Amino acid sequence: MDVAETRVPGAFVFTPEQIRDERGSFFEAFRGDHVEAVTGRPFRPEQINYSVSRRNTLRGVHTVAVPPGQAKYVTCVRGALRDIIVDLRVGSPAFGEYHVTSLDAGSGRCVYVPEGVGHGFLSLTDDACICYVVSTRYVSGTQIDIDPLDPDLALPWGFSEPPLMSAKDATAPGVREALAEGLLAHWRDVRRPAS
């Protein structure tokens, strides 16, 4: 498996080696030991989620309050997505930095999103399906939503027409408001040593 660190500290892109023959292909999409070796942190899946979207749907930017925090390992299992992560950890040397990854079912490429880092995507095809393997179960009231169109973040979504968004995402606060309200995780609280 090829692994590349992004400009967001602790976030990685995993691209599997595919074995192909006349029947099709096979690859390992997730290996916990590989993720833990690269990140230096334990990653035990507690929940797996799927989201299906029509073309030009924008979902995110989402993160989870710390505690409980939530690391994610995301991949596209059908269609294609423009996946963006953004460092929202207060005090991080890369606060506000983002990384864009093209995710599609054919490549098997995956993105590891550490705690406190925001995540979102734009679906590039109809019926696009993303899979989230997450380190903590859903806890009501802990999700933090940031305006994906916040001009302070200036994320390069690349849409050519207004995207389809939920009311929750369309009315989410910008990063300045989230900072002022103390919603974002602090770098020191998510950099704890691996246990």
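These numbers come from the heavy atoms of this one structure, side chains and all, not from hydrogens, waters or symmetry mates. Starting from 1, each residue takes its place in the sequence as its number. Given the structure is predicted, the values throughout are model-derived calculations rather than measurements.
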State which residues pass salt bridge (charged side-chain N to carboxylate O under 4.0 Å, His left out) with Asp87; sequence neighbours excluded, sorted by chain then number.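 Result, salt bridge (charged side-chain N to carboxylate O under 4.0 Å, His left out) vs Asp87: Arg89.
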What pair of heavy atoms forms the shortest contact from [X] to [Y], and how long is it?
X      : Y      : value
Cys129 : Tyr50  : SG-CD2, 3.8 Å
Ala128 : Ser123 : CB-CB, 4.0 Å
Pro9   : Ala94  : CD-CB, 3.4 Å
Val117 : Ile85  : CG1-CB, 3.9 Å
Pro163 : Leu58  : CB-CB, 3.8 Å
Leu81  : Leu124 : C-CD1, 3.8 Å

Can you confirm whether [X] sits close enough to [Y] that some side-chain heavy atom of one is under 4.5 Å from a side-chain heavy atom of the other?
X      : Y      : answer
Phe121 : Ile130 : yes
Cys131 : Asn49  : no
Cys110 : Phe12  : no
Val86  : Val61  : yes
Leu164 : Asn56  : no
Pro148 : Met165 : yes
Val52  : Arg78  : yes

Pairs of donor and acceptor atoms involving the side chains of residues 139-146, under 3.5 Å and at least two apart or interchain, shall be tabulated with distances.
from	atom 1	to	atom 2	distance (Å)
Thr142	OG1	Val139	O	2.7
Gln143	NE2	Asp145	OD1	2.6
Asp145	OD1	Lys168	NZ	3.3
Asp145	OD2	Lys168	NZ	3.3

Can [Y] be reached from [X] by stepping across I, L, V, M, F, W or Y side chains whose heavy atoms are under 4.5 Å apart?
X      : Y      : answer
Met1   : Val77  : yes
Ile84  : Leu103 : no
Val90  : Leu153 : yes
Val113 : Val66  : no
Leu122 : Tyr98  : yes

Pairs under 3.5 angstrom only: tabulate donor-acceptor contacts from the side chains of residues 171-185 to other protein residues two or more places apart or in another chain.
from	atom 1	to	atom 2	distance (Å)
Thr171	OG1	Ala167	O	2.8
Arg176	NE	Asp152	OD2	2.6
Arg176	NH2	Asp152	OD1	3.1

I need the full list of ring-ring contact (aromatic ring centres under 6.0 Å, His included) pairs touching residues 132-183, with sequence neighbours left out, sorted by first then second residue.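 Applying ring-ring contact (aromatic ring centres under 6.0 Å, His included) to every pair that reaches into residues 132-183, excluding sequence neighbours, yields His119-Tyr132.
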Pairs involving residues 52-73, ordered by first then second residue, that meet ring-ring contact (aromatic ring centres under 6.0 Å, His included) (sequence neighbours left out):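 ring-ring contact (aromatic ring centres under 6.0 Å, His included) check on residues 52-73 returns Phe14-Tyr73, Phe30-Tyr73.
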Indicate yes or no for a side-chain donor-acceptor contact from [X] to the backbone of [Y] under 3.5 Å, with no hydrogens or angles considered.
X      : Y      : result
Asp83  : Val100 : no
Thr125 : Arg55  : no
Thr63  : Gly118 : no

Contacts of type ring-ring contact (aromatic ring centres under 6.0 Å, His included), residue Tyr112, not counting sequence neighbours: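 For Tyr112 the ring-ring contact (aromatic ring centres under 6.0 Å, His included) partners, ignoring immediate neighbours, are Phe43.
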List for me each residue that meets side chain to side chain donor-acceptor pair (under 3.5 Å) alongside [X], sequence neighbours excluded, and say none if there are none.
X      : answer
Asp21  : Arg23
Thr136 : Gln70
His99  : Thr101
Arg59  : Ser51, Ser53

Ion pair present between Asp127 and Arg54, side-chain N to carboxylate O less than 4.0 angstrom?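 No salt bridge links Asp127 with Arg54.
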Could you list all the side-chain hydrogen bond (donor to acceptor under 3.5 Å, both in side chains) pairs where at least one residue sits in residues 1-14, not counting sequence neighbours?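 Output for this query lists Arg7-Glu97.
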Measure the spacing between OG of Ser135 and NZ of Lys72 and express it to the nearest 0.5 Å.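 Spacing of OG (Ser135) from NZ (Lys72) equals 10.0 Å.
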Checking side-chain contact (heavy atoms from CB on, under 4.5 Å) for the pair Val13/Arg109: CA distance, chi angles, key distance, verdict? CA-CA 7 Å; Val13 176; Arg109 194 173 299 113; 3.5 Å; yes
Looking at residues at least two apart in the chain, or sitting in another chain, which of them share a side chain to side chain contact (heavy atoms under 4.5 Å, CB included) with Glu46?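 Counting only residues at least two positions away or on another chain, Glu46 forms a side chain to side chain contact (heavy atoms under 4.5 Å, CB included) with Arg137.
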